[in-house]
Amino acid sequence: MIENYPNERRMHCETGVLVNMLEYYGYNISEPMTFGIGGGMYFLYFPWMKLYGFVLPVLRSKPTNIMRRFTKRMYIGYHEKSYGNNREKAKQELDELVAKGIPVGLRVNLVGLKYLNDIGFDLDYNGHHIAVIGKEGRDYIIADIDEKLPNDDLVTLDETRMSLVRFRSGIAAPHGCMFYIDPLPANYAKTVDLKSAIIEGLKEACRNMLSIPMPWFGSKGIHFMANGMRKWEKKHDQELIDLTLLWYYRLIEQAGTGGSGYRYIFADFLKESAEIFQSEVLADSSDIMRKAADCWRAFTVDCNRYLNKTGVTLNEMADIIDEAGNNEYKAFKKLKNDFLKKNK
């Protein structure tokens, strides 16, 4: 087993795994920085992408994309592999890397993670990230930074369950996805161009949230979602509406970091970047993004209130989403026009 591998609780599983790997190799950086540089900000509300008959909002970039983009922009050696349905090869290559003392990240489904299932969390979600840092017999030793766990202790998962969580079917099926990074040179922190990486992350966030022309993406997509909700009572029966809002609550607030969580993390990224660049524009954009995050949190609270019949209406909930969209548009427009144009 790898000794002295960091495993403290983090805000978000993907950035948490990445931050811990970097710390193990001697480089300290915050989660908000990895999220922002890695282009985590995104929104999609596609009418034909449905689960159980309802549309799912996508509030962050595709799982594991943050890893790919961050390591590319920070000039870190990154290796990733998926296996289709070849479970034996996936197991063999994971075991080989772990035996060499290399911490290996995996993208897995929450169903089958016994240590989380035992505390009542078993959502069918294919975007959770963990790190494997050893193996004893048939049990993998896992560093999982999920805040639902009671402490920072390492956990274990046997080979059978590991195969299950690595090869769960469904949306964004992981297909055994694993990844790891190369050790960093001793002078890495002094040589890396952090400002350029931040700018590249901001450019991608602005493209994702402002420049994709279809109405389902970015800030436009947030308003598209709100407008759709206003029509639900005419188009859907109450059972489907209730089920949809239940899933929104679970996916936006309970699964991983959630919609509001990603926005809070991005706001913190802007705040840290403001200090690095000594930029009032970045600081102001951070404040606006925090308001958007507050709206997403209020929306998930109202999902719960609606399900408990406490008087909130779909129109009122749609108004909150519209407000979130307005704030996100304002923040990214400010970043694009008042910061990026001056920092090309």
Side-chain angles (χ1 to χ4, degrees), residues 10-12 14-16 18-19 22-23 27-44 59-61 65-76 188-212 217-223 257-298 322-344:
R10 302 287 186 181
M11 294 181 286
H12 169 46
E14 183 173 349
T15 55
L18 179 55
V19 164
L22 293 168
E23 182 179 333
Y27 180 62
N28 293 313
I29 190 170
S30 72
E31 277 191 86
M33 271 290 153
T34 61
F35 184 84
I37 291 172
M41 276 297 296
Y42 190 77
F43 186 86
L44 169 63
L59 293 110
R60 54 149 290 171
S61 63
N65 271 357
I66 293 172
M67 293 274 185
R68 300 170 188 143
R69 293 166 181 160
F70 176 87
T71 51
K72 179 180 179 181
R73 288 165 184 162
M74 296 287 283
Y75 295 94
I76 295 170
Y188 177 78
K190 296 180 180 179
T191 59
V192 67
D193 187 354
L194 189 61
K195 283 188 174 181
S196 293
I198 289 170
I199 288 172
E200 288 304 308
L202 289 171
K203 286 179 179 178
E204 180 166 8
C206 288
R207 285 195 299 269
N208 289 343
M209 299 305 295
L210 296 175
S211 300
I212 302 176
F217 293 89
S219 60
K220 295 189 297 292
I222 297 173
H223 295 303
T257 306
S260 61
Y262 297 130
R263 271 63 185 163
Y264 286 122
I265 292 173
F266 192 77
D268 288 343
F269 162 66
L270 294 176
K271 184 177 180 180
E272 285 190 46
S273 299
E275 295 174 0
I276 292 171
F277 284 91
Q278 291 296 293
S279 168
E280 290 186 9
V281 172
L282 291 177
D284 291 343
S285 299
S286 174
D287 292 339
I288 299 168
M289 183 54 61
R290 195 165 295 277
K291 292 178 182 177
D294 290 342
C295 291
W296 282 109
R297 178 152 291 170
D322 270 332
E323 186 178 353
N326 290 336
N327 281 317
E328 294 196 22
Y329 177 82
K330 184 178 178 181
F332 287 105
K333 202 71 174 176
K334 190 176 189 67
L335 289 169
K336 181 179 180 180
N337 293 339
D338 299 341
F339 181 79
L340 289 177
K341 285 185 177 179
K342 299 174 183 177
N343 292 272
K344 295 183 179 179

Under the salt bridge (charged side-chain N to carboxylate O under 4.0 Å, His left out) rule, what pairs show up with a residue in [range], not counting sequence neighbours?
{"range": "residues 323-337", "answer": "Arg263-Glu328, Lys334-Asp338"}
{"range": "residues 265-274", "answer": "Asp268-Arg290"}
{"range": "residues 191-204", "answer": "Arg69-Glu204, Arg73-Glu204, Glu200-Lys203"}

From [atom1] ([X]) to [atom2] ([Y]), nearest 0.5 Å:
{"X": "Leu44", "Y": "Ile222", "atom1": "CG", "atom2": "CD1", "answer": "11.0 Å"}
{"X": "Phe277", "Y": "Leu194", "atom1": "CZ", "atom2": "CG", "answer": "7.5 Å"}
{"X": "Glu14", "Y": "Ile66", "atom1": "CD", "atom2": "CD1", "answer": "4.5 Å"}
{"X": "Leu335", "Y": "Leu270", "atom1": "CG", "atom2": "CG", "answer": "5.5 Å"}
{"X": "Tyr42", "Y": "Phe266", "atom1": "OH", "atom2": "CZ", "answer": "15.0 Å"}
{"X": "Ser279", "Y": "Lys342", "atom1": "OG", "atom2": "NZ", "answer": "9.0 Å"}

* If only atom types and distance count, is the side chain of Ser286 paired as donor or acceptor with the main-chain N or O of Leu282 below 3.5 Å? -> no
* Asn343 (side chain) donor-acceptor with Phe339 (main chain) under 3.5 angstrom -> yes
* Within a radius of less than 6.0 Å around CD of Glu23, do more than 12 heavy atoms belonging to other residues, nucleotides or ligands occur? -> yes
* Determine whether more than 12 heavy atoms belonging to other residues, nucleotides or ligands lie under 6.0 Å from atom CZ of Phe217. => yes
* **Audit row: Ile198, Ile276, side chain to side chain contact (heavy atoms under 4.5 Å, CB included) steps and yes/no** => CA-CA 10 Å; Ile198 289 170; Ile276 292 171; 3.8 Å; yes
* Asked: side chain to side chain contact (heavy atoms under 4.5 Å, CB included) between Glu31 and Leu18: does it pass, once the steps are laid out?
  -> CA-CA 8 Å; Glu31 277 191 86; Leu18 179 55; over 6 Å; no
* To do: Would you check, one step at a time, whether the test side chain to side chain contact (heavy atoms under 4.5 Å, CB included) holds for Arg10 with Val19?
  => CA-CA 9 Å; Arg10 302 287 186 181; Val19 164; 3.6 Å; yes
* Going through the distances and angles, do Thr34 and Phe269 end up as a side chain to side chain contact (heavy atoms under 4.5 Å, CB included)? -> CA-CA 8 Å; Thr34 61; Phe269 162 66; over 6 Å; no
* Do His12 and Tyr262 have ring centres separated by under 6.0 Å? -> yes
* Asked: Are Phe35 and Phe70 near enough that their ring centres are under 6.0 Å apart?
  -> no
* Side-chain heavy-atom pair Ile37, Met74 within 4.5 angstrom cut-off -> yes
